[in-house]
Amino acid sequence: MGKLALGVAVGVAVATCAVAGVVVGRRLRSRRKWRRVVGVLRELEESCETPVGRLKQVVDAMAVEMHAGLASEGGSKLKMLLTFVDRLPNGSEIGTYYALDLGGTNFRVLRVQLGGTRSSILSKDVKRQRIPQHLMTSTSEDLFDFITSKLKQFVEQEETVSEAAQSRTRELGFTFSFPVKQISIRSGFLIRWTKGFAIEDMIGCEIIERLQAALMKKGLDMCATVLVNDTVGILALGHYYDADTVAAVKIGTGTNACYMERADAIIKCQGLLTSSGAMVVNMEWGNFWSSHLPRTTYDIEMDMESPNPNDQGFEKMISGMYLGDIFRRVLLRMCEESDVFGPVSSKLLIPFVLEMPLMAAMHEDDTPDLKVVAAILREKLEIQDVPLKARRLVVKVCDVVTRRAARLAAAGIVGILKKIGRDGTGGITGSRSRSDAKMRRTVVAVEGSLYTSYMMFREYLHEALNEILGEDVAQHVVLRTTEDGSCVGAALLAALHSSSSSSSEGLHRRR
Ligand code: ADP
Ligand code: MG
């Protein structure tokens, strides 16, 4: 009996130990799994670090590369393209002008009526729509047929409203936001596509000729008088409102910047004479690269799998087209490391499955139990029942990716200011000390949904700008959001360079 009791007791104890062992084992395993996902996050955080010292290195690298790109053709990954825009609108423009804006997710057609006194845009009509995906990789004829047919509809609608029964040819500005080699303000050749466009037959072609031919085919009596990049349009609109505007930055699907440069600093184009002694330079800063940029394995993999490896390195860390995919790659890695998120969802294997606005929505989810995060994981990525603490991790990943992007964009902006001596340090040569460099009010026009619609992005960018410049200098630097600058600005430049305006004969050079 005693033996039996002892046997039972031992049996129970062994069973209890075994159960406890299983529970402890499970806990240990789950803790280990959790530690692994947290490890992925920590590693991401470390490789995305952007302390102010590193940002200043990026600032310097940007200013140096700008110099190199201006010194010789191919002297830098920064193309520093001439735009032949040597004057910017000042508010005295008058009349009705049009613009076509092609260059990202959306395509826009616009008409503005200008009143001739500062900042008086009497009316503005914009029609925007998405570019059908198949046209991005089709033929130039298909693409131009599409955009001119939209323009035709726009103009026909205007006629039914009996607006502007104009006898003269309508003039339009064409915003074409891809790297273009311009030879005058109204002529340029496509260097290469970016942002997912790939229409082989267009590369090396003159853009306005193509547009003009398509306009003729549609029977539209319109004349494209200026060809500009979206950032140039943004700068034009910024300057129309505020004459202290010296640069423009776009952070949308892609990212780019332009600024007003002294003509004599554009060394690669010797003897460049402009009426103002200056010219807007389209930096194509998306292609900026520096070893100081904090790069992760996710960036490297995304770049290798992209249609343009080793190109647009800065853009791939900053802009709306790419951030969602960096996030996807991190989350996929977390799912592979452990089953905290359940089995690996096949959705996570699809490149670019997570669009930027959804990533922004998860980042900015302010519900106490992160409902928005749960819904997006469930509905977009088919990841079900993610525990709250794992959802917090997801928010953290968004934060790390976005913070790095915004801070690098801020460093890029300060790089421009440094190049033109507006960063409070006396410019790239640093000849004057910070204390005796008098800081002038400096305005940078900014557009693009990341800046305008993603509050966390904007806050991080401003924070970094203050850190890099220091408050004394930063108070003189104003980032001003403009609206539809890419197309309104093109219409303003069309007005400024109108064939009916006296000084329309612009600069040009041989190809
Ligand atoms: P463009 O296509 O000319 O660059 P936008 O400036 O509108 O035009 O930028 C579009 C990019 O911004 C897309 O990548 C889009 O996913 C992203 N985006 C749109 N809305 C938001 C948002 N609320 N938060 C973050 N990103 C956004
Ligand atoms: Mg655009």
Side-chain angles (χ1 to χ4, degrees), residues 96-114 121-138 142-161 163-164 170-178 193-197 199 207 211 214-215 218 220 222 224 226-238 240-241 248-256 319-321 324 355-358 360 445-454 481-495:
T96 302
Y97 292 88
Y98 297 78
L100 279 181
D101 175 9
L102 174 70
T105 316
N106 297 306
F107 164 70
R108 300 177 183 98
V109 187
L110 157 129
R111 178 185 57 242
V112 285
Q113 225 189 316
L114 307 170
I121 292 178
L122 301 177
S123 72
K124 176 176 115 176
D125 271 309
V126 194
K127 192 158 170 31
R128 59 190 95 209
Q129 64 191 95
R130 271 186 99 95
I131 309 268
Q133 189 76 30
H134 71 276
L135 287 182
M136 295 165 68
T137 51
S138 175
D142 288 348
L143 181 69
F144 278 83
D145 271 348
F146 171 79
I147 59 178
T148 48
S149 68
K150 295 299 157 197
L151 179 62
K152 189 167 187 188
Q153 278 171 14
F154 184 80
V155 171
E156 280 170 356
Q157 275 164 9
E158 148 191 282
E159 277 165 355
T160 59
V161 205
E163 237 248 46
R170 292 178 173 86
E171 289 182 83
L172 100 120
F174 187 27
T175 312
F176 185 78
S177 309
F178 301 96
W193 291 105
T194 53
K195 294 175 274 191
F197 280 76
I199 302 171
I207 294 144
L211 174 64
L215 289 171
K218 289 272 177 318
L220 274 169
M222 293 185 100
V226 297
L227 172 67
V228 293
N229 180 275
D230 56 356
T231 54
V232 178
I234 296 164
L235 180 60
L237 182 60
Y240 182 79
Y241 286 126
V249 174
K250 166 90 189 238
I251 314 169
T253 306
T255 183
N256 190 15
S319 76
M321 177 161 173
E355 285 147 357
M356 196 61 230
L358 294 180
V446 191
E447 277 194 29
S449 294
L450 268 80
Y451 185 79
T452 56
S453 311
Y454 189 177
T481 316
T482 48
E483 201 180 310
D484 293 323
S486 53
C487 46
V488 180
L492 291 172
L493 286 165

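Start at 1 with the first residue, then count along the sequence.
How far CG of Leu100 is from CG of Leu227: 11.0 Å, rounded to the nearest 0.5 Å. Summarising the geometry, atom NZ belonging to Lys150 is positioned 4.0 Å from atom CD belonging to Gln153; distances are rounded to the nearest 0.5 Å.
Here the closest heavy-atom approach between residue Gly324 and residue Met356 is recorded as N-SD, 4.2 Å. Listed here is the closest heavy atom pair of Cys487 and Ala99: O-CB, 3.2 Å. The shortest heavy-atom contact between Ala490 and Thr175 is CB-OG1, 3.1 Å. Ala494 approaches Gly173 most closely through the heavy-atom pair CB-N, 3.8 Å. For Leu235 against Ala248, the heavy-atom pair with the smallest separation is N-CB, 3.5 Å. Taking both residues in full, the closest heavy atoms of Ala236 and Leu492 are given as O-CD1, 4.2 Å, listed atom of the first, atom of the second, then distance.
Each of Arg170, Arg111, Glu171 was evaluated against Tyr98; a single residue qualifies, Arg170, per the side-chain hydrogen bond (donor to acceptor under 3.5 Å, both in side chains) test. The side-chain contact (heavy atoms from CB on, under 4.5 Å) test with Phe176 is passed by exactly one of Ile207, Asn229, Val228: Ile207.
For Leu215, the side chain to side chain contact (heavy atoms under 4.5 Å, CB included) partners at least two apart in sequence or on another chain are Thr148, Leu151, Leu172, Leu211, Gln212, Leu220, Met222. In this structure Thr253 satisfies the side chain to side chain donor-acceptor pair (under 3.5 Å) test together with Thr105, sequence neighbours excluded.
Proximity of Phe154 to Leu110: side-chain heavy atoms (C-beta onward) are nowhere separated by under 4.5 Å. Side-chain contact between Lys195 and Ser177 is present, with at least one heavy-atom pair separated by less than 4.5 Å. Contact of the Ile121 side chain with the Tyr241 side chain is registered, since non-hydrogen atoms from C-beta on lie closer than 4.5 Å. When side chains are defined from C-beta on, Tyr240 counts as touching Leu114, because their heavy atoms get closer than 4.5 Å. Looking at Thr482 and Val488, their side chains never come closer than 4.5 Å, going by heavy atoms from C-beta outward. Counting heavy atoms from C-beta on, the side chains of Phe174 and Ile147 come closer than 4.5 Å.
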Let me check something: any side-chain donor-acceptor pairs from residues 126-134 under 3.5 Å, sequence neighbours excluded? List them with distances.
{"unit_1": "Arg128", "atom_1": "NH1", "unit_2": "Asp484", "atom_2": "OD1", "d": "3.3"}
{"unit_1": "Arg128", "atom_1": "NH2", "unit_2": "Asp484", "atom_2": "OD1", "d": "3.4"}
{"unit_1": "Arg128", "atom_1": "NH2", "unit_2": "Asp484", "atom_2": "OD2", "d": "3.4"}

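Between Phe107 and Phe146, the two ring planes are tilted [angle within 30° to 60°].
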Would Thr255 and Leu450 count as a side chain to side chain contact (heavy atoms under 4.5 Å, CB included) if you check the C-alpha gap in whole Å, the side-chain angles of each, and the deciding distance to 0.1 Å? CA-CA 10 Å; Thr255 183; Leu450 268 80; over 6 Å; no
Worked check of side chain to side chain contact (heavy atoms under 4.5 Å, CB included) between Ser486 and Arg108: CA-CA 9 Å; Ser486 53; Arg108 300 177 183 98; 3.6 Å; yes
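The closest donor-acceptor contact from the side chain of Glu447 to the backbone of Ile234 lies at 3.5 Å or more, if one exists at all.
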